[in-house]
Amino acid sequence: MTDHETLANLLQEDRRFEPPAELAANANVTADAYEHAAKDRQAFWAEQAERLTWAERWNTVLDDSNPPFFKWFTGGKLNAAYNCVDRHVEAGRGDKVAIHWVGEPVDDTRDITYAQLKDEVSQAANALTSLGVATGDRVAIYMPMIPEAIVAMLACARIGAPHTVVFGGFSADALASRLDDCQAKVVITSDGGYRRGAPSALKPAVDEARTKTDVVEKVLVVRRTGQDLGPDGWDDDVDVWWDDVVANASTEHTPEAFDAEHPLYVMYTSGTTGKPKGILHTTGGYLVGTSYTHHAVFDLKPDEDVYWCTADIGWVTGHSYIVYGPLANGVTQVLYEGTPDSPERGRWWQIIEQYGVTVFYTAPTAIRSFMKQGREIPDQRDMSSVRILGSVGEPINPEAYIWYRNVIGGDRTPVVDTWWQTETGMIMISPLPGVTHGKPGSAMTPIPGVAADVVDDDGNPVPNGSGGYLVVTAPWPSMLRTLWGDDDRYVDTYWSRFKKQGYYFAGDGAKKDTDGDIWVLGRVDDVMNVSGHRLSTTEIESALVSHPKVAEAAVVGAKDEDTGQAVCAFVILRENAGDGGADIVQELRGHVRKEIGPIATPRQIMIVPELPKTRSGKIMRRLLRDVAEHREVGDVTTLADSSVMDLISQGMSSSSED
Ligand code: PRX
């Protein structure tokens, strides 16, 4: 059900910001694009496909003969890495900086031109081939934010080996299950990376993952920190140093053109069950969608702009808006390894000043944490170069929007609030900076070429001023094609809710305001959004239940001022565990961190005697959310035992929070 309470509290937001006149006059995309695209959506996307270099032109823009298994640009052939790198060099732009890399240790920097990137990607492609990777084989990438991570992704794309990048913050267990699910033959990793002023190891997690799955044949290791790998930290049969095999490989490599529908990558994300979903993206449509949206939404001018997206390459934002979209467009961009506050709290602003960043893309959770620290910190830096600010990952509350615009954007820059998902591959709903007036808190309207709406339970569009479910009503080029190895789950998760209409169901609730502009409210399923990261309640419940002292667990996402939502867990201990011991809460938090990773660590764990269940045994998370958010507990009439909530509320005093 949509959160009616939230809907009822329609934000009384009447501040509006017109696009700056100069930006509007020179914008890459103007207002007529909407109408032009709506007239013939396929023709519009075919025009955008001309932005790329195709080895063979497509015959059909959209093959919709077998919905929801849509295909785009069928018959077309291209190489993604060629489009992101080689063609810029061939066009005489080889000396242009592709990546200003900034390591976390101060002054540890590297500028990489497109010509250098081409050489490195070619070397890595040759090295992967020599390690036995063939077209179609999967390669996992588990790396910090270093240039080799991008080189590794592009090298995979170059040889047609789908990559699966696993966020470096995920645990060995989470890594192992992903390696296993997509049968990754090779893992590319590094000894470690720098986080908060210290080296943080990665290779040991790969070693541990290899004890849980035997699919991996080779591990290619970049030397980043030089840290000691320990006596058992190297396996001569499996491990190879990047410096040995990549640095010595030839810089000559001819990219093969692959079918437009050739798999480009698998990105795991949380769904409503315990098992992560492998979202499959393919080559042609994905590149068309990401490069067009990057051009349109960020008004990207490759010869003038310095672009910076702060996402990690382990998430889809890093894939679409660090690697594929921006590089296909030939940008110069900043890539930063570390945390925003190392070695000082103003590190990000210092980087913006130093490199003259013009377009900056980050997440509301980061903005809120900077708001807390106060504007004195960013005010110490000259950020007059910035001309466009972007936001992604969760709804941006109007106060954070205004602060972002004023403090980081000097009260002159448009803020584009971009709604999209791992599944959509590209930005779907967003203002266009030279066209749309900004409305703090609203993602506004679908971009040209995208058809989305807010509908009621029966799939009918809701009138302006009402809320419902966010749906995409027509296929788009960078849409997911399926879930890796699970077509049924793909159909069931996204296409069954509004089957009659053939709509893609995004899992989000939204409202249309009186102008018809869209406000995304958040998930309507059992998925949480913690600091812009997607987490599944069931996945964390399974992690908790795998602890020997736990009998049952229920997890909810409770509102949190800093992280948007926070993980709150209610746990019933096994009888033989007694009261679990004094450290039970810490023990369980540590267990979740080990099973999934630090991002999933519950903010709060409550040991309870019972869980609220319906007569059919379904946990009523709604009631637990009330408890976690300190609200009066709602209607309990459907509970099998209505005294359960009293027991839980009484037990609250013994709960732990930090
Ligand atoms: O709930 C929406 C929220 O993030 C979800 C997608 O998460 P993920 O696949 O991890 O991708 C995050 C980066 C694209 C969505 O279902 N979300 C993302 N962007 C916004 C948002 N919610 C509100 N406003 C946004 N701009």
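We count ligands from 1, going down the list as the structure has it; atoms in each ligand are counted the same way.
Nearest to atom 8 (P) of ligand 1 among the protein's heavy atoms is T422 OG1, 3.5 Å. Here the heavy atom of the protein found nearest to atom 7 (O) of ligand 1 is R534 NE, 3.6 Å. Remark: minimum distance from atom 15 (C) of ligand 1 to any protein heavy atom is reached at D508 OD2, 3.1 Å. For atom 13 (C) of ligand 1, the closest heavy atom belonging to the protein is T317 OG1, 3.4 Å. Protein heavy atom closest to atom 23 (C) of ligand 1, with residue, atom name and distance, is P395 N, 3.1 Å. For atom 6 (C) of ligand 1, the closest heavy atom belonging to the protein is W420 O, 3.7 Å.
Near N529, meaning under 4.0 Å from one of its heavy atoms, ligand 1 places the atoms 3 (C), 4 (O). Close contacts of ligand 1 with V520, meaning ligand atoms under 4.0 Å from a residue heavy atom, involve 22 (N), 23 (C). Near V392, with a cut-off below 4.0 Å to any heavy atom, the atoms of ligand 1 are 13 (C), 14 (C).
The proximity of T418 to ligand 1, defined as any non-hydrogen pair under 4.0 Å, is limited to the backbone. In E394, the part holding a heavy atom less than 4.0 Å from any atom of ligand 1 is the backbone.
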inquiry  = Could you walk me through whether W484 and D181 satisfy the side-chain hydrogen bond (donor to acceptor under 3.5 Å, both in side chains) test, starting with their C-alpha distance in whole Å, then the side-chain angles of each, then the deciding distance to 0.1 Å, before giving a yes or no?
reply    = CA-CA 8 Å; W484 186 257; D181 190 74; 4.9 Å; no
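T563 and D560 are linked by a side-chain donor-acceptor pair at a separation below 3.5 angstrom, with hydrogens and angles left out of the test.
The main-chain N or O of G314 is found under 3.5 Å from a side-chain atom of D312 such that the two form a donor-acceptor pair. A donor-acceptor distance shorter than 3.5 angstrom exists from the side chain of R178 to the backbone of A174, with no hydrogens or angles considered. In this structure a side-chain-to-backbone donor-acceptor pair under 3.5 Å is present from R534 to S270. Put simply, the side chain of Y490 gets close to the backbone of P68: a donor and an acceptor are under 3.5 Å apart.
The distance between the ring centers of Y494 and F505 does not fall below 6.0 angstrom.
Note: Y361 and Y321 have perpendicular aromatic rings, judged against thresholds of 30 and 60 degrees for the angle between ring planes.
W476 is linked by a ring pair (Phe, Tyr, Trp, His ring centres under 6.0 Å) to Y504, counting only residues two or more places apart in sequence or in another chain.
Among the atoms of R523, some N or O lies under 3.5 angstrom from an N or O of ligand 1.
Residue-ligand proximity: G393 is placed with a non-hydrogen atom under 4.0 Å from ligand 1.
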